[in-house]
Structures are given as structure tokens and as C-alpha cells.
Amino acid sequence: MLRGGRLGKTMDEMASKYTSSMQTDVRIFKPVVHINMAHSIMLAERRIISPEDGAAILRALYELHERGVEALELKPELEDIHMAIEKFIVGIVGEEIGGKLHTAKSRNDQVATAIRMTLRKDLLELEAALLELVNNLLTVAEEHVDTIMPGYTHMQIAQPTTFAHYLVAYASAFLRDAERISQAFDQTNYCPMGACALAGTGFSIDRVRVARLLGFKRVMENTMDAVGARDFALQAISALAILMINLSRLAEELVIWSSAEFDMVEMPDEFTATSSIMPQKKNPVVAEIARAKAARLSGDLVGALSVMKALPQSYSLDLQELTPLLWDAVDQTLDSVKVMSRLVGAIKPKPDMMRKRAQRGFTTATELADLLVRKAGIAFREAHAAVGRMVAKAIEEGKSPDALVLDDLQAACREILGKEVQLTEDEFRSALDLDKCIEARGTIGGPSPRSVREQIKQLRRAAKNREKLRKARARAIEKAEKKLLKEVRRRLH
Ligand code: ARG
């Protein structure tokens with residue numbers, strides 16, 4: 001369509017396929033039609049084209065809107081969907097009128113606008129799925145505020161916590177991810193239309209009108225920036241990559257905990273597969289794939305960043321290579337969040353096993369040291385050394401934590417501090433009691449049942465507020481779309 005003027009009539013076939021974005025562009029078909037509609041309405045209102053020509057073009061665009069992308073010829077020779085749509089319009093109304101559609105616009109502002117419109121909806125859908133995951137985690141957490149399990153640092157058993165406290169840790173992280181997605185939406189909601197190739201236009205267009213018709217909050221002002229910027233996409237992919245990294249940590253822990261060695265959770269059958277040779281196997285395949293998808297997202301992010309690195313202003317066709325990475329990031333993350341959300345809802349923890357594991361690793365040692373500080377009036381560092389000595393001796397002698405008595409502690413104190421401490425057998429026992437230890441940790445964000453219930457309440461509220469904002473944004477876009485089509489129909493007769 002564009003050839004035969006400056007250039008020879010045909011492009012090398014391989015070169016044409018190599019540089020065409022037609023396949024990927026199917027995803028932005030609808031927004032591109034809407035952009036053409038909004039632009040034509042504005043051109044006619046500003047008398048840049050006549051109302052009659054405007055109406056003829058809108059009629060053809062409306063037909064395309066009704067028939068869908070199948071009505072288009074998606075040949076790579078046409079370069080991209082923008083040209084395929086223009087060709088369709090010219091095919092209906094003729095070159096003399098259809099040739100006016102591209103007045104005061106460029107594919108450069110058009111593609112940037114269409115990507116933003118597509119991404120806006122994708123981000124809203126992603127946020128909805130993520131908030132559902134948060135709520136699922138909280139629902140499971142509510143049932144397990146008393147389910148004691150070992151907490152780990154360095155993957156070594158550390159202190160007792162609860163399954164609820166653990167799930168709420170992830171819910172908190174995912175809620176931050178939702179906030180990042182929401183911030184990415186904000187940055188995406190700027191309209192580049194009217195920037196044209198890079199330097200705007202001498203026609204007296206109305207950029208604000210077009211932005212409004214397309215449901216954008218603001219015009220993206222600097223015309224060079226408007227066509228050359230993809231930081232909104234980088235921000236979106238970053239937010240999704242971070243989210244996937246968080247999700248992969250959860251997936252990894254579920255894999256570990258469902259192993260025979262830990263045996264603390266049972267993977268629901270529907271989210272596992274078996275082996276083709278080993279009949280006893282139950283493989284945690286969903287969590288494994290989710291774990292690996294995080295790697296794919298990191299790849300999308302590095303790829304997109306690398307496309308942008310040192311790319312001169314404003315438009316270069318390099319930008320076309322970034323777009324599929326963005327859609328891959330969106331699709332992979334959405335699938336991962338949805339399936340992991342279902343898995344989490346069906347997960348079966350094993351409370352008895354969890355408690356046994358928590359008991360085994362001297363996990364209350366910190367609590368005992370704290371008790372020495374409070375009751376015996378010694379410095380925490382001294383208490384730390386004394387309890388450490390007691391544990392070392394117990395391990396040497398093959399004594400389990402529940403076999404320890406006050407005498408063991410006093411022996412360690414004599415050795416480390418050169419004296420015994422003021423402590424009763426009852427006090428000693430209560431410091432080793434898992435339930436009391438958890439109960440005592442009631443600071444903000446701590447694992448005590450009361451504290452965790454409070455955290456759940458706060459997170460539920462925060463998720464609800466996010467959902468409200470998300471819905472309002474979705475409604476605003478929907479409303480703008482309806483209004484645009486109404487404006488088009490009004491001009492058809
Ligand atoms: N297919 C292009 C893309 O996806 C659209 C803009 C092309 N602009 C150009 N001057 N060739 O980015």
C-alpha cells in the first residue's frame with residue numbers, strides 16, 4: 001500500500017515477513033479500530049475532513065467493528081494491522097475518501113495508543129486475578145491461625161510460627177504486587193494520539209477530544225516522548241516479573257513441603273501428575289511450572305529493557321520487538337496466578353506433622369533466652385550463649401528438646417556465666433511450650449493468633465479497596481467504549 005512512491009513496488013519476501021508485525025497485531029485490532037473512529041470523529045468536528053467524508057469513513061469502520069478481525073486480509077506484505085485496516089476502509093469507500101483517514105496521524109502514535117489501551121484492560125484483569133489469590137490465601141489462613149509450624153531462616157529450622165502467619169506473608173506480598181500493577185495502570189493511561197510521527201501536526205487537531213473518546217485520563221504531552229516511550233510497558237513487565245518471583249517462592253515452598261522429607265502439606269490430586277514408570281509418584285507439576293514461568297518473566301523483562309537500552313528518540317522499528325514480550329508477560333502471569341490461586345484454595349496442610357517438626361528443632365530457644373533476660377535479669381547476649389550451650393550439649397547427648405529440664409539450663413549457665421540463674425522449673429517449661437511461645441508474639445505483624453487475625457482483617461480491607469478502584473477503572477473504560485460507539489452510530493445516517 002505504501003510502496004510505488006519513494007520505493008519500488010515490492011519488498012523482498014523474506015524481508016517483508018521478517019519486519020511485519022501482523023501476527024502479534026491481532027491482539028490490538030479492536031483498539032486500533034476504536035482509535036480510527038475517535039480520530040475520524042475529531043477530524044470531522046474540526047473540519048479537517050468534511051462531515052460527509054467523516055460519516056463515510058465511520059460507516060466503513062463500524063462495519064469492520066461488526067465483522068471483526070476476520071474481515072481483514074492479514075498479509076505480511078501489508079506490514080501491520082494499521083495498514084490492513086486502512087486498506088479495508090479504502091476498499092469500501094475508495095481511495096479518494098478512505099485516503100483521508102490517515103490525515104494528522106501516524107502509525108507511531110497509533111500503535112503506542114493501541115498498546116496502552118490493550119494493556120489497560122490486561123492489567124485490570126491481572127489485578128482481579130491477583131486479588132482473588134490474596135483472598136484465597138486469607139481464607140485458608142483463617143482456618144489455620146492455631147496451626148503451629150516451624151519457621152525457617154537459611155532454610156534451617158528457626159522459630160515456631162503458624163501456617164496462617166506464613167500464608168499472610170504471601171498475601172501481603174501479593175497485595176503489594178497488586179499495588180504495583182495499579183501504578184503501572186496509571187502510567188499506561190496516557191494518550192499518545194496526535195503526536196503523529198514524532199513532531200505533532202500543523203492541522204488544528206483536538207488531542208484532548210481523542211483522548212476522552214478513548215477513555216484516557218490524560219494526553220501524553222511531548223509528542224516525541226509520546227511515540228518513543230515504552231517505560232509504561234517496562235513498568236508493567238517489571239511489576240509482573242516481581243509478582244512472578246513472589247509466586248515462584250510460594251510454589252517452591254509447596255514443592256518442598258509436599259516432599260516425603262518435610263511431609264507438611266498434601267498437594268491436591270487435581271494439581272499433580274504421576275510418573276510414566278514409577279507408579280507411586282505424585283509430582284507437584286503445577287507448582288513446578290509456576291516456578292519456571294518466573295524465569296520466563298525475567299526473560300521478558302530483560303528482553304524488553306534491552307530493546308530500549310540506548311535506543312535513540314523517537315520511533316525505531318526496534319520498538320515492535322518489545323510488544324510480543326509484553327503480551328507474553330501478561331499471558332504467562334495471568335495463567336500462573338489463576339492456576340496457583342486454585343491450587344492454594346485446595347491445599348491440604350498436615351497440622352500434626354507441622355507441629356512435630358516445630359518441636360524438633362529447639363525452635364523455642366529464642367523464647368528461653370528472652371525469658372532469662374526478663375526473669376533472671378541477665379543480658380540477652382549472655383542468655384543467648386547459655387541457651388546455645390544447653391542446646392549443643394543436648395545434641396551431643398542425643399536429648400530431644402522436650403526431654404530438657406531446668407538442670408540442663410543451669411549446667412550451661414554455670415559453664416558460660418559462672419553462676420546459676422533465678423528461674424523456676426515451671427517458668428523453664430513454659431518457655432519451651434510452642435503454644436505459649438506463639439501466644440507471646442503478639443506484636444504488630446507477629447504470629448500470635450490475635451495478631452494474625454488482625455493482619456487478615458487489614459489485608460481483606462486493603463484488597464476490597466483495591467477491588468473498588470479496579471472496578472471503577474474498568475467501568476470508566478467500558479463507558480468510554482460505549483460512548484464512542486454511540487457517537488459513531490449517531491453520525492452514520
Ligand atoms: N508495526 C509497528 C509496531 O508495531 C507500527 C508502527 C510502525 N511504524 C513505522 N514507521 N514503520 O510498532
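Indexing begins at 1, ligand by ligand and atom by atom, following the structure's order.
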(request) Please state whether Asn108 comes within less than 4.0 angstrom of ligand 1, counting heavy atoms only. (result) yes

(message) Can you confirm whether Arg27 sits close enough to Val330 that some side-chain heavy atom of one is under 4.5 Å from a side-chain heavy atom of the other?
(response) yes

(message) Hydrogens and angles aside, do Ser182 and Arg473 bring a side-chain donor and acceptor to less than 3.5 Å of each other?
(response) yes

(message) For Phe216, does the six-membered ring have the charged nitrogen or CZ of Arg120 within the cation-pi criterion, i.e. under 6.0 angstrom from the centroid and within 45° of the normal?
(response) yes

(request) For Arg107, take its heavy atoms, then give the atoms of ligand 1 lying under 4.0 Å from any of them. (result) 6 (C), 9 (C), 11 (N)

(request) Quick one: do Glu270 and Arg342 satisfy salt bridge (charged side-chain N to carboxylate O under 4.0 Å, His left out)? Show the steps, please. (result) CA-CA 10 Å; Glu270 319 85 83; Arg342 292 159 71 94; over 6 Å; no

(request) Run through Ile35, Leu64, Val90, Leu78 and flag the one making a side-chain contact (heavy atoms from CB on, under 4.5 Å) with Ile85. (result) Leu64

(message) Between Arg59 and Glu63, does any NZ, NE, NH1 or NH2 come within less than 4.0 Å of an OD or OE carboxylate oxygen?
(response) no

(message) So, regarding Glu79 and ligand 1 (criterion: nitrogen or oxygen to nitrogen or oxygen, under 3.5 Å), is there a contact or not?
(response) no

(message) Please report whether ligand 1 has a polar contact with Asp25, defined as an N or O pair separated by less than 3.5 Å (distance criterion only).
(response) no

(request) Identify the protein heavy atom lying closest to atom 1 (N) of ligand 1, giving its residue, its atom name and the separation to 0.1 Å. (result) Gln320 OE1, 2.7 Å

(message) So that I can tick it off, tell me whether Glu478 and Lys471 are bridged by a salt bridge, with the cut-off set at under 4.0 angstrom between side-chain N and carboxylate O.
(response) no

(message) For atom 5 (C) of ligand 1, what is the closest protein heavy atom, and at what distance to 0.1 Å?
(response) Asp80 OD2, 3.5 Å

(request) May I ask you to check whether Arg230 has an N/O atom sitting below 3.5 Å from an N/O atom of ligand 1? (result) no

(request) Give the atoms of ligand 1, by number and element, whose distance to some non-hydrogen atom of Ser21 is under 4.0 Å. (result) 1 (N), 4 (O)

(request) Starting from atom 7 (C) of ligand 1, locate the nearest protein heavy atom and write down its residue, its atom name and how far away it is, to 0.1 Å. (result) Tyr315 OH, 3.5 Å

